[in-house]
Protein chains: 2
Amino acid sequence: MLELAILGLLKEQELHGYELKKRLSDTFGPMSRVSFGSLYPALRRLEKAGAVEVTEAGPSAAAVSIPTTGSLSGERAAYRARRAGGGHDSRGRKVYRITPEGQALFEKLLAAEDASAEDDRSFQLRLAFARHLAADQRLGLLERRRAQLIERLARARTAVRAGRERLDSYARAVAEHSTEATEHDISWIERLIEVERSDQLERELKP
Amino acid sequence: MLELAILGLLKEQELHGYELKKRLSDTFGPMSRVSFGSLYPALRRLEKAGAVEVTEAGPSAAAVSIPTTGSLSGERAAYRARRAGGGHDSRGRKVYRITPEGQALFEKLLAAEDASAEDDRSFQLRLAFARHLAADQRLGLLERRRAQLIERLARARTAVRAGRERLDSYARAVAEHSTEATEHDISWIERLIEVERSDQLERELKP
DNA sequence: GTCTCGATGTATCGACTCGATATATCTGAA
DNA sequence: TTCAGATATATCGAGTCGATACATCGAGAC
């Protein structure tokens with residue numbers, strides 16, 4: 001799901017890898033912190049798939065794209081050329097821009113409804129980009145999440161009950177806190193669902 | 001940290017892989033769900049390191065919670081009746097037992113204080129096994145966690161403030177909920193710290 | 001002036017984890 | 001009897017992580 005996050009950020013504006021990592025970390029919280037070891041390979045995958053392209057200059061400048069050689073010496077040469085000519089602080093930056101194919105891929109990844117394999121992080125990500133979903137898709141996302149959390153809560157409560165005697169106070173505290181956190185999440189989701197429904201009602205009343 | 005979880009469970013009783021996975025899932029909640037693709041390699045690593053050993057038979061009578069118990073010897077007998085000579089259970093069960101080296105490794109892993117690399121899951125795991133730590137180590141664990149969460153909260157609040165205008169309502173909702181969850185965690189940790197301190201005081205008063 | 005330190009920036013490596021899948025046995029209900 | 005579903009071990013490819021390498025830039029120390 002890292003691809004989704006990258007494309008979502010590049011939809012707003014073109015960015016280079018380092019900046020992308022910073023935004024991922026402090027826009028989506030500690031949940032979706034990303035290491036360079038996955039970010040750079042992901043960018044290369046996206047580039048190979050034609051979903052993003054590299055522009056030469058920084059985000060603000062008028063970008064002139066250069067065919068990527070992929071060779072190290074080529075990159076170095078390009079860097080030296082930029083240094084000599086421009087005077088900009090480019091520092092070997094590779095600024096990425098989303099392509100139309102990338103836009104399509106973003107829509108596809110965002111709407112994918114494999115409810116089975118939805119983990120916490122990917123839900124958080126989808127919700128953060130929910131603006132790009134249709135109203136009914138948004139509701140579906142929230143309701144699938146609610147169902148998942150309710151199921152999780154049931155399991156957790158069973159586990160707490162089963163472990164009441166077997167577990168010591170520390171393990172019990174962990175289990176109970178995890179249960180509480182799930183309850184908290186459920187009530188949050190339900191508030192979001194209500195807001196979503198009332199928004200939908202409003203749209204129906206005055207189209 | 002999967003090794004720590006495995007050793008911690010095997011400390012209580014000997015178990016086979018499948019049962020180990022079930023316990024990991026419903027003792028430590030959805031946070032530390034484990035796949036077979038990591039469990040079996042981890043078991044092999046531990047076996048190779050001499051931390052666990054394979055016993056031929058199933059867990060001894062007192063140990064088993066799931067109702068497969070009584071049939072184990074029956075299964076093996078039936079297998080032997082069908083196929084002469086094989087020393088193995090027809091289901092291929094491999095029951096693991098912790099060794100003294102494994103005990104030592106458990107202590108070492110549990111007490112390791114690389115506070116920098118402490119993620120949520122490993123903290124949860126350490127706390128669940130906190131019974132095996134000395135009182136001061138327990139307090140240290142909790143206080144490092146509190147510091148980490150406070151730091152995280154500060155970052156999250158900065159991000160929320162910075163994104164108040166830049167982010168749409170969905171991304172903002174995600175960021176705010178993440179902040180709330182961190183606050184909730186902090187107050188939980190602080191309750192645990194207080195309990196820990198009062199326990200310590202009690203021990204000092206009547207040794 | 002220059003020197004060092006920490007932030008910026010791209011990139012790779014090995015170790016680890018995940019989800020999917022293969023294989024086989026046992027249990028219980030139709 | 002048969003057949004679905006739980007039990008049980010194991011491997012594979014793909015993706016992720018933390019550590020590390022290497023280099024530049026800006027700012028403050030001296």
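Each chain gets a letter, A, B and so on, in the order its sequence line appears, and its residues count up from 1.
Nucleotide D:dA6 holds its P atom 16 Å from the CD atom of B:Glu19, rounded to whole Å. At whole-Å resolution of the value, CG in A:Leu39 and P in C:dT8 are 15 Å apart. When rounded to the nearest whole Å, the span between CG of B:Leu43 and C1' of D:dA8 equals 13 Å. Whole-Å rounding puts the A:Tyr96 OH to C:dG9 C1' distance at 11 Å. Between the CG atom of A:Leu2 and the C1' atom of D:dA14 there is a distance of 13 Å, rounded to whole Å. In this structure, CZ of A:Arg44 is placed 8 Å from C1' of C:dA11, rounded to the nearest angstrom. Spacing between atom CG of A:Leu4 and atom P of D:dG15 amounts to 15 Å, rounded to whole angstrom units. Rounded to a whole Å, the CE atom of B:Met1 is 10 Å from the P atom of C:dC16.
Each of C:dA11, D:dC17, C:dG9 was ranked by its minimum atom distance to the side chain of A:Arg93; first place goes to C:dG9. Nearest nucleotide to the B:Tyr18 side chain, out of D:dA8, C:dA11, C:dC18: D:dA8. With C:dT17, D:dC17, D:dT9 as the candidates, the nucleotide lying closest to the side chain of A:Ser35 is D:dC17. Comparing D:dG18, C:dT12, D:dT9 against the side chain of B:His16 picks out D:dT9 as the nearest. Here D:dC17 is the nucleotide among D:dT9, D:dC17, C:dT12 with the atom lying nearest to any side-chain atom of A:Val34. Distance from the side chain of B:Arg121 is smallest for C:dC18 among the nucleotides D:dC17, C:dT10, C:dC18.
Nucleic acid contact for B:Gly17: sugar-phosphate only, since backbone atoms but no base atoms lie under 4.0 Å from a heavy atom of the residue.
Dashed line: the shortest gap from a side-chain N or O of B:Lys22 to OP1 or OP2 of D:dT7 is under 4.0 Å. Checking the phosphate oxygens (OP1, OP2) of C:dT17, a side-chain nitrogen or oxygen of B:Arg45 falls inside 4.0 Å. The side chain of A:Lys21 places no N or O atom within less than 4.0 Å of a non-bridging phosphate oxygen (OP1 or OP2) of C:dG9. Proximity of B:Ser38 to the phosphate of C:dC18: a side-chain N or O atom is located under 4.0 Å from OP1 or OP2. Between D:dT9 and B:Tyr40, a contact under 4.0 Å exists linking OP1 or OP2 to a side-chain N or O.
Between A:Tyr18 and A:Phe36, the ring planes are parallel. Angles under 30° get that label, and only those over 60° would be called perpendicular. Note: B:Phe106 and B:Phe129 have perpendicular aromatic rings, judged against thresholds of 30 and 60 degrees for the angle between ring planes. Using cut-offs of 30° and 60° for the angle between ring planes, the A:Phe123 and A:Trp188 rings count as perpendicular.
Donor-acceptor pairing under 3.5 Å is lacking for the side chains of B:Asp185 and B:Thr182.
Between A:His16 and A:Tyr96, the gap from one ring centroid to the other reaches at least 6.0 Å.
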B:Glu12 vs B:Arg131, salt bridge (Lys or Arg N to Asp or Glu O under 4.0 Å): CA-CA, chis, key distance, verdict: CA-CA 12 Å; B:Glu12 310 294 318; B:Arg131 170 167 62 106; 2.9 Å; yes
Evaluation steps, side chain to side chain donor-acceptor pair (under 3.5 Å), between A:Ser38 and A:Ser35: CA-CA 6 Å; A:Ser38 38; A:Ser35 69; 3.3 Å; yes
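Of the residues in residues 149-160 of chain B, not one places a heavy atom less than 4.0 Å from an atom of DNA chain D.
More than 12 heavy atoms of other residues, nucleotides or ligands sit less than 6.0 Å from atom CD of A:Gln200.
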